[in-house]
Amino acid sequence: MSIDEVFRRILRSKIFKNRKVLMPDYIPNELPHREKEIERIAITLAPALRGDRPNNLFIYGLTGTGKTAVVKYVLSRLEAKALELGSKVKGIYVNVRHRDTPYRILADIALEIGAKVPFTGLSTGEVFGRLVSKLRGLDGIYIIVLDEIDFLIRKHGDDVLYKLTRINELLDKAKVSIIGITNSVKFVENLDPRVRSSLGEEEMVFPPYNAEQLRDILAQRARMAFRENVLERDVIPLCAALAAREHGDARRALDLLRVAGEIAERLGDDKVRKEHVMLAREEIERDRVADVVRSLPLHSKLVLAAILAASGGGRVAVTTGEIYEWYKKIVKLLDIEEVTFRRVSGIIGELDMLGIIQARVISRGRYGKTRIISTAADPKTMLASLEEDPMLDPVLEIVEREALSKDERNNR
DNA sequence: CCTCCACAGGAAGCGCAGGAGT
DNA sequence: ACTCCTGCGCTTCCTGTGGAGG
């Protein structure tokens, strides 16, 4: 296929009318099956239009239950209404997972309201100070949305949150409300009670979508995204069913649909079929794993290599001790300084959290307590991503051979 | 029932890089 | 040039623990 032909195909896609509406950050004009939630949030925030401070709001719900979309949607409508009425209302959205230090969060908020703050260099306290002094010069209602707030608490405690919830005491004209969004319900338990009560003036829960609701969502977006009649009848139900299995994640469902369309297009098909969805599922998982592995720091990669070697490419579950032995071997071959056992243990925990391995603590009684570790992603994908790092060249051959040799042993 | 293994995983703190303000 | 800040990857030191074997 010539380059020109590639371009031509993309330009007049037989599949997509408007691919953007399937992207994760797209906020549609209608959010099916979230009418109740929209209304509740609207009711909570509405006082802002009269110049009153809305109650702080705390929202729980698993990933892909529409929390972010609903909040953004209501905020934009609220801002529009405020403009119409001439009242000053501003929503400030911060995703805490992406800007996961107190400093960056405060800096983002400060920048949004027009204070000048450098990327780094100041103390967190000083940024907070600048934020406050800027706000003191303003009036109006500021609604700060802290999305995925649990990331902040887990890594840095609730100090910032405490300060933010009490910021109104330092202001006279401007007022601040906070909307906290989280997908882990249990993180609230280890929150300072003062923060908890102040943040949770109002609380609401977003339930997962079921397969039927997912179908509606997909159907609505598909009408905008795809050309007429390119989706085979069973495509949407399949995407919905797969995503419903993963705790009703609408985002996952939309990803599946989009990638399935992209695959169909790449294959030059003029219809999106079930098979494309299945391929999409694999591709999404592969990409996720590859991204995670690629961005790992050196010793995490080495530990992952050790796990693959020790477990024979994921065939056998292994213990932390066994992994550490392999890790030391690898490090010696590469002539790199080794990290401590404690650190390797920590790295194993991190890899577990990233979902590329599975580690479970067990007790073997007399023979001690340990974690048994197995792979949670395709070993071949992980190996391939490790190969991209030239540092690992000298050992990968051995790791790969080890992974295969156990395979062969099993076959015999 | 108690022991004691082989770790788990918390706490504190260190050295460094990267960036600012003075 | 110097000081001060933060995040990160890491070390050191530590206490805690489920359950097989005695």
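Side chains included, hydrogens not; waters and symmetry mates left out as well; all remaining heavy atoms used. Keep in mind the model is a prediction, meaning the values are calculated, not measured. Order of the sequence lines fixes the chain letters, A, B, ..., with proteins taken first and strands second; residue numbering starts at 1 for each chain.
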Short side-chain N/O contact from A:His299 to OP1 or OP2 of C:dC10, under 4.0 Å
yes
Parallel, tilted or perpendicular: ring planes of A:Tyr60 versus A:Phe58, cut at 30 and 60 degrees
perpendicular
Are A:Arg53 and A:Asn168 side-chain neighbours, meaning at least one heavy-atom pair lies under 4.5 Å?
yes
From CD of A:Glu338 across to C1' of C:dT12 the rounded distance in Å is 15 Å
May I have the distance from A:Tyr324 (atom OH) to C:dC10 (atom C1'), rounded to whole angstrom?
12 Å
For A:Lys17, does the NZ atom have more than 12 heavy-atom neighbours from other residues, nucleotides or ligands under 6.0 Å away?
yes
Phosphate OP1/OP2 of B:dA8: any A:Thr320 side-chain N/O under 4.0 Å
yes
Using atom CZ of A:Arg343 as one end and atom P of B:dA8 as the other, report the distance to the nearest whole Å.
14 Å
Taking atom P of B:dA6 as reference, at what distance in whole Å does atom CD1 of A:Ile323 sit?
16 Å
So for atom CZ, which belongs to A:Arg360, do other residues, nucleotides or ligands contribute more than 12 heavy atoms lying within a distance under 6.0 Å?
no
Under 6.0 Å from the CZ atom of A:Arg281, do we count more than 12 heavy atoms belonging to anything else shown?
no
Does A:Arg19 count as lying over the ring of A:Phe226, i.e. NZ or CZ under 6.0 Å from the six-ring centre, within 45 degrees of the axis?
no
Could you tell me how far apart A:Ile348 (CD1) and B:dA6 (P) are, to the nearest whole angstrom?
16 Å
Does A:Ser345 put a side-chain nitrogen or oxygen below 4.0 Å from OP1 or OP2 of B:dA8?
yes
Check the distance between C:dC8's C1' and A:Leu298's CG and give it to me in whole angstrom.
14 Å
Between C:dT17 atom C1' and A:Ile362 atom CD1, what is the distance in whole Å?
13 Å
Neighbour count >12 (heavy atoms, 6.0 Å) for atom CG, A:Asp335
no
Pull out every residue in residues 364-374 of chain A that has a heavy atom closer than 4.0 Å to any atom of DNA chain B, ordered by number, or say none.
A:Arg364, A:Gly365, A:Arg366, A:Tyr367, A:Gly368, A:Lys369, A:Thr370, A:Arg371
Can you tell me the distance, in whole Å, between the CZ atom of A:Arg342 and the P atom of C:dC10?
13 Å
